[in-house]
Amino acid sequence: QVQLVESGGGLVQAGGSLRLSCVASERTRTTYTMGWFRQAPGKEREFVAGISWSGGSTNYSDSVKGRFTISRDNAKKTVYLQMNSLKPEDSALYYCAVDMGVAVRTRAGLYDYWGQGTQVTVSS
C-alpha cells in the first residue's frame, strides 16, 4: 500500500513556472516507478512524465518535452515535476502515481497507486 500526496499547484501566467511535489508513504520498503499524469475537464487522463526508481530512466510526453523535468529524491520519498514555459493548455489537475513495475510506462491503467491531484491553472 502506497499513499501519495501532491502539492505545488496554483495559478500562474503563461510563460511562468511551477514545481509540483509528491510525497509517498509506504508500509514496506520497496522500489517503484513514479509518474505524473494530468486531466483537463472533458478530457482523458494523459501521461506527462515518468521516472524509474534509480532516476536513470525518464520519459516525457511530446507536449511537455523540453519544458518539464521530472526528478526524485528517494531518501525523501518525493518526486518532483519542474514545469517551465507554461502554456494555457497545460492547465489541468495533475496526479502523481506509482507503478510497482520497473519500466517507465505511459498507460494510466498500469499504475497501481494514485494521489488526489493538485490543480494547475495557466492564464493567458
Side-chain angles (χ1 to χ4, degrees):
Q1 186 75 17
V2 180
Q3 294 181 325
L4 303 168
V5 178
E6 303 99 332
S7 62
L11 174 64
V12 64
Q13 288 187 333
S17 298
L18 283 174
R19 188 174 84 151
L20 306 184
S21 300
C22 173
V23 180
S25 61
E26 72 269 357
R27 293 187 176 182
T28 59
R29 187 169 181 79
T30 186
T31 61
Y32 43 82
T33 293
M34 298 188 80
W36 286 97
F37 290 77
R38 66 188 182 187
Q39 188 167 19
K43 295 187 177 181
E44 293 188 355
R45 190 169 299 189
E46 65 171 349
F47 174 80
V48 175
I51 187 167
S52 62
W53 171 255
S54 69
S57 178
T58 58
N59 195 3
Y60 297 90
S61 68
D62 288 342
S63 62
V64 307
K65 201 170 293 182
R67 300 187 297 122
F68 292 10
T69 302
I70 189 170
S71 61
R72 67 189 293 170
D73 182 338
N74 289 336
K76 296 182 179 179
K77 300 179 182 179
T78 302
V79 64
Y80 305 96
L81 185 68
Q82 178 66 44
M83 306 186 295
N84 298 329
S85 301
L86 283 161
K87 305 174 181 179
E89 51 263 43
D90 294 317
S91 297
L93 189 60
Y94 282 70
Y95 295 93
C96 172
V98 159
D99 177 359
M100 302 307 288
V102 175
V104 181
R105 300 187 285 188
T106 63
R107 284 174 54 195
L110 298 175
Y111 282 71
D112 301 287
Y113 301 100
W114 293 83
Q116 294 300 307
T118 185
Q119 180 68 41
V120 172
T121 303
V122 184
S123 63
S124 58

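Values below: all heavy atoms of this structure, side chains included; hydrogens, waters and symmetry mates excluded.
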Separation between [atom1] of [X] and [atom2] of [Y], rounded to the nearest 0.5 Å:
| X | Y | atom1 | atom2 | answer |
| --- | --- | --- | --- | --- |
| S52 | N59 | OG | CG | 10.5 Å |
| L93 | T121 | CG | OG1 | 9.5 Å |
| R38 | S63 | CZ | OG | 4.5 Å |
| Q39 | E46 | CD | CD | 9.5 Å |
| E6 | C22 | CD | SG | 5.0 Å |

Please tell me whether Y113 and E26 have a donor and an acceptor in their side chains that are separated by less than 3.5 angstrom.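 Result is no, nothing qualifies.
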
Measure across [X] and [Y] and return the closest heavy-atom pair with its distance rounded to 0.1 Å.
| X | Y | result |
| --- | --- | --- |
| L86 | R67 | CA-NH1, 3.9 Å |
| A24 | L4 | CB-CD2, 3.5 Å |
| M34 | Y111 | C-CE2, 4.4 Å |
| A40 | A92 | N-CB, 3.9 Å |
| S21 | T78 | CB-CG2, 4.3 Å |
| S91 | V122 | OG-N, 2.8 Å |

Tell me, yes or no, whether the heavy-atom count around Q119 atom CD, taken from other residues, nucleotides or ligands under 6.0 Å, exceeds 12.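 Counting other residues, nucleotides and ligands, CD of Q119 exceeds 12 neighbours.
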
Do other residues, nucleotides or ligands put more than 12 heavy atoms under 6.0 Å from the CD atom of Q116?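 For Q116, atom CD is not crowded (no more than 12 foreign heavy atoms under 6.0 Å).
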
Let me know which of P88, S123, S124 forms a side chain to side chain contact (heavy atoms under 4.5 Å, CB included) with Q13.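 Of the listed options, the one satisfying the test is S123.
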
Assigning hydrophobic clusters by single linkage (Ile, Leu, Val, Met, Phe, Trp, Tyr; side-chain heavy-atom cutoff under 4.5 Å), is [X] placed with [Y]?
| X | Y | answer |
| --- | --- | --- |
| V12 | F68 | yes |
| W53 | M100 | yes |
| Y60 | V98 | yes |
| V2 | I51 | yes |

Applying side chain to side chain contact (heavy atoms under 4.5 Å, CB included) to V79 and I70, what does each step give before you reach the verdict? CA-CA 7 Å; V79 64; I70 189 170; 3.8 Å; yes

If you apply the rule side chain to side chain contact (heavy atoms under 4.5 Å, CB included), what do you find for M83 with V120, and how did you get there? CA-CA 10 Å; M83 306 186 295; V120 172; 3.8 Å; yes

Using the rule given for ring pair (Phe, Tyr, Trp, His ring centres under 6.0 Å), can you reason through W36 versus Y95, listing the C-alpha separation, both sets of side-chain angles and the distance that settles it, and then say yes or no? CA-CA 6 Å; W36 286 97; Y95 295 93; 9.4 Å; no

Does the side chain of Y80 come within less than 4.5 Å of T69's, by heavy atoms?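 Not touching, per the 4.5 Å side-chain cut-off.
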
Please check if the side chain of T118 supplies one atom and the backbone of S7 the other of a donor-acceptor pair under 3.5 Å.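 The answer is no, because no donor-acceptor pair under 3.5 Å joins these two groups.
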
Side chain to side chain contact (heavy atoms under 4.5 Å, CB included) evaluation trace for Q82 with S17: CA-CA 8 Å; Q82 178 66 44; S17 298; 4.0 Å; yes

Determine, for D62 against K65, whether the closest basic-nitrogen to carboxylate-oxygen distance falls under 4.0 angstrom.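 Salt bridge present between D62 and K65.
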
If the plane angle is over 60° it's perpendicular, under 30° parallel, otherwise tilted; pick one for F47 and F37.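 Taking F37 first and then F47, their aromatic rings stand perpendicular (interplane angle over 60°).
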
Write out all pairs satisfying salt bridge (charged side-chain N to carboxylate O under 4.0 Å, His left out) with one or both partners inside residues 101-124, taking only residues at least two apart or from two chains.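 Sorted result for residues 101-124: D99-R105.
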
